[in-house]
Every structure is written in structure tokens, then in C-alpha cells.
Amino acid sequence: MQEKILNNRKNGMAFLLLFIFLYLAAVGLLILGCVAVGRENYPAAAVLITVSVLWLAMGWVPFIGLKILKPQEALVLTLFGKYVGTLKGDGFYFVNPFCSSINPAAKTRLGQSRDVDGAAEKALMFATGQSAANLEMLNRKISLKIMTLNNNRQKINDCLGNPVEIGIAVMWRVVDTAKAVFQVDNFKEYLSLQCDTAVRNIVRIYPYDVAPNVDTTGDGIADEGSLRGSSEIVASRIRDEIQRKVADAGLEILEARITYLAYAPEIAAVMLQRQQASAIIDARKMIVDGAVGMVEMALERLKENKMVELDEERKAAMVSNLLVVLCGNHDAQPVVNTGSLY
């Protein structure tokens with residue numbers, strides 16, 4: 001199905017004035033017909049009254065063909081089930097009154113821009129006094145604006161089997177109205193479903209944190225890819241995966257972003273303890289490395305300046321004391337020796 005753009009002139013105002021003039025003319029003909037009846041000119045009266053009554057009864061039909069489009073809106077038109085074309089561009093148009101506009105996703109409400117809730121729709125219904133059926137007719141226009149889909153958080157197992165929760169935001173727009181309307185049943189629901197499956201397919205490739213012997217690129221070589229450390233790459237792969245699946249629906253995925261990422265609640269506390277233990281080990285390792293370097297420097301300085309001569313036993317005691325002081329969690333409380341060193 002290929003999109004056909006209708007190059008209709010923006011002559012809706014001219015037709016509107018014409019139809020109003022014809023209504024006024026019909027009223028005038030009806031008056032003349034009544035006058036002719038009073039003058040007993042029955043043939044002329046019959047013609048005038050018949051024409052005026054027919055137009056007054058059926059003259060509302062051409063008004064259905066008047067269409068108003070705002071910027072970044074489109075209208076998909078069909079005539080007796082056949083696709084006629086798509087009307088794009090803001091303006092006031094007149095089309096075949098028997099053409100029907102189609103938008104299968106008109107009543108679909110997702111967690112996306114302009115569809116978050118029905119408050120605006122209810123306010124419009126209350127202000128204009130229109131019914132839900134009439135409002136549905138107004139919503140058959142397809143928006144060509146960039147919209148945002150905020151999918152619900154999903155619980156997915158990463159490549160190590162740890163359950164994680166992740167949420168994404170997808171920026172998308174309709175680029176082919178014919179494919180969006182006729183290729184899939186409901187392009188909004190189709191997009192939401194494909195977002196869910198794409199997120200699951202990509203997240204299962206990565207661990208939450210960097211893990212050894214994990215290949216996330218598919219080249220057979222272990223790398224340091226992770227959901228937390230490679231969020232930009234993960235989001236890009238999710239975008240490409242969604243675009244590949246929704247291309248046949250006439251949709252374009254502009255960007256995908258990770259909005260929420262965390263361990264599932266059932267293992268969050270345990271993983272927090274694991275991260276804390278890893279951080280403590282790394283900190284202790286750094287403290288010990290620094291303490292050993294300081295002790296080595298102290299011994300070298302004492303030897304160079306020849307301040308005191310220490311045998312191996314005293315050196316070991318000094319090293320032990322310095323390491324205790326430098327690596328301890330509390331401030332040192334030294335014992336002052338006022339006697340001889342030996």
C-alpha cells in the first residue's frame with residue numbers, strides 16, 4: 001500500500017459560501033412558489049416548490065465534504081471502501097461528501113503525548129455539547145507530529161538471569177499514513193507491542209553490571225558492555241530493533257531513551273549489599289596500597305638521612321605499627337616509650 005497525496009485546492013471557504021447562497025436561493029424559490037400558488041400558476045409553482053424543498057432537504061449533504069486541517073495533520077480518505085488518497089497541509093478543503101475518513105487508532109489511549117488521559121477530551125465534550133460519536137469523527141485526523149511513547153516498566157531477566165526493571169521513552173511519528181492505517185489493525189497498539197518485545201530482546205543480551213566472559217556484541221569476544229554502563233548503546237540498539245519492526249506500519253522511530261533502570265525489588269537488597277561489599281574491598285585495597293607505599297617511603301627516608309639504625313626485628317615492628325595506624329578505622333592511640341629503644 002503506497003501513500004497518495006491529494007493536491008486539492010484550499011477552496012473550502014468558496015464552497016461554504018456557495019452552499020449558503022444556494023440555501024438562501026432555495027428559500028427565495030419557496031416563497032416564489034407560494035406566490036405562484038396564490039396566483040393560480042400551478043405548473044410554475046410546482047417546479048419552484050419541488051426544487052426548493054429538495055435542496056432544503058438534501059442541501060446539508062455537501063457540507064459533509066468540508067474539511068479543516070491544522071498544521072501537521074492528515075486525513076486518510078476512502079470512497080465506498082477504496083483508498084482515494086491522503087489530504088495533508090493545513091487549510092480549509094472541500095472533498096467528495098461521500099468520502100470517509102479513517103483512523104483505526106482514534107480511540108486508542110496509550111501512555112504517550114496527547115493521549116495520557118481523557119481530560120482534554122472530556123472538557124471539549126462538555127464545552128461543545130458533543131457526543132462521543134461526534135467527537136470520534138473529529139479524532140479521525142492523523143497527527144504527523146513527533147510524539148512520545150512512555151511504555152510501562154517491564155521486569156526482564158538480564159543475560160545472567162538477574163531480574164531487572166526497565167522503562168523506555170520512544171519518540172516517534174507517522175511518515176506514511178496509508179501504511180499506518182491499512183497495513184496494521186491499530187498502529188498505536190502495534191507500536192507499543194513492538195516496543196515491549198524489542199526491549200526484552202535487547203536487555204537479555206546485557207548484564208546489569210560489567211561481568212566477565214560476557215559477549216554483548218555478538219563477535220565472540222568478551223567485552224565490558226552492561227545495561228548501567230552502556231545505556232546509550234543499549235538505547236540505540238533498542239531504537240534500531242523497534243524501527244526494523246515498525247517500518248511496514250509507516251512509522252519512524254526518532255529516538256529511544258532509558259528512563260528507569262534498577263534491580264527487581266526481590267533482589268535489590270541483596271545486590272545492594274553486594275555492591276557495598278565490592279566498594280569496601282576496592283577501598284581497602286587502595287588504602288593498603290597507599291599504606292605500603294608510605295611505609296616504604298618512611299624506611300627509605302630514615303636510611304638516607306641516617307637518623308636511626310634499625311635491625312630487621314625493629315623494622316618489622318615499625319612496619320607493623322605503621323600499617324596498623326594507616327589502615328585502621330579509628331584514630332591511633334600511641335603508647336609513648338620514655339625508656340631506651342633497646
Side-chain angles (χ1 to χ4, degrees), residues 1-8 64-65 67-91 93 95-116 118 121 132-133 135-152 154 168-203 235-257:
M1 178 67 67
Q2 296 295 328
E3 183 182 54
K4 295 186 295 184
I5 306 298
L6 297 177
N7 297 321
N8 288 35
I64 301 176
K67 306 293 182 182
I68 299 177
L69 291 182
K70 292 178 287 188
Q72 295 297 316
E73 284 186 345
L75 205 60
V76 178
L77 300 176
T78 60
L79 181 60
F80 303 120
K82 182 180 179 181
Y83 173 57
V84 176
T86 301
L87 205 60
K88 287 185 177 180
D90 58 298
Y93 296 89
V95 298
N96 190 328
F98 296 100
C99 285
S100 302
S101 56
I102 298 179
N103 183 6
K107 297 190 293 183
T108 302
R109 293 293 175 264
L110 302 176
Q112 56 192 105
S113 59
R114 211 185 57 160
D115 285 334
V116 175
E121 180 177 299
L135 196 60
E136 181 183 349
M137 293 291 292
L138 297 177
N139 289 339
R140 288 185 178 178
K141 300 173 184 176
I142 298 177
S143 176
L144 304 179
K145 301 176 183 178
I146 298 176
M147 293 185 283
T148 303
L149 169 64
N150 293 313
N151 251 22
N152 295 329
Q154 300 183 64
I168 63 168
V170 178
M171 274 61 76
W172 65 282
R173 64 182 177 184
V174 178
V175 293
D176 192 313
T177 56
K179 289 183 178 180
V181 171
F182 299 111
Q183 291 289 96
V184 294
D185 183 58
N186 188 316
F187 62 88
K188 290 182 180 179
E189 293 180 354
Y190 181 79
L191 173 64
S192 180
L193 178 61
Q194 296 306 325
C195 288
D196 291 342
T197 57
V199 170
R200 290 185 177 275
N201 292 338
I202 300 300
V203 170
S236 178
R237 293 186 67 175
I238 292 175
R239 191 205 73 83
D240 295 339
E241 180 76 6
I242 300 174
Q243 180 61 66
R244 185 177 61 84
K245 293 182 177 181
V246 302
D248 291 338
L251 306 180
E252 180 185 6
I253 308 301
L254 302 176
E255 190 178 11
R257 290 291 179 183

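Below, all heavy atoms of this structure are taken into account, side chains as well, without hydrogens, waters or symmetry copies. The structure displayed is predicted, hence computed values, not measured ones.
The two residues Ala180 and Phe187 come nearest to each other via the heavy atoms O-CD2, 3.4 Å. Scanning both residues, Val174 and Leu144, for their nearest heavy atoms gives O-CD2, 3.7 Å. Closest of all the heavy-atom pairs between Asn150 and Ala169 is OD1-CB, 3.3 Å. Here the closest non-hydrogen pair linking Ala235 and Ala256 is CB-O, 3.2 Å. The shortest non-hydrogen separation linking Ile102 to Pro104 is CG2-CD, 4.0 Å.
How far CZ of Arg257 is from OG of Ser236: 9.0 Å, rounded to the nearest 0.5 Å. Separating the OG1 atom in Thr78 from the CZ atom in Phe182 is a distance of 6.0 Å, to the nearest 0.5 Å. Within the model, atoms CG of Leu191 and CD1 of Ile242 stand 7.0 Å from one another, a figure rounded to the nearest 0.5 Å. Note that the CG atom of Asn186 and the CG atom of Leu193 stand 11.0 Å from one another [nearest 0.5 Å]. The NZ atom of Lys107 sits 12.5 Å away from the NZ atom of Lys188 when rounded to the nearest 0.5 Å. Interatomic distance, CG of Leu79 versus CZ of Phe98, reported as 9.0 Å (0.5 Å rounding).
The main-chain N or O of Ile68 is found under 3.5 Å from a side-chain atom of Lys141 such that the two form a donor-acceptor pair. Using a distance-only test at 3.5 Å, with no hydrogens or angles considered, no donor-acceptor pair links the side chain of Glu255 to the main chain of Trp172.
With Ile238 as the fixed residue, the side-chain contact (heavy atoms from CB on, under 4.5 Å) test singles out one of Val199, Asn201, Ile253: Val199.
Taking the salt bridge (charged side-chain N to carboxylate O under 4.0 Å, His left out) definition, one finds that Glu3 meets it with Lys88, sequence neighbours left out.
A salt bridge links Lys245 with Glu241; the closest basic N to acidic carboxylate O contact falls under 4.0 Å.
Every pair passing salt bridge (Lys or Arg N to Asp or Glu O under 4.0 Å) that includes a residue from residues 168-182 is listed here, sequence neighbours excluded: Arg173-Glu252.
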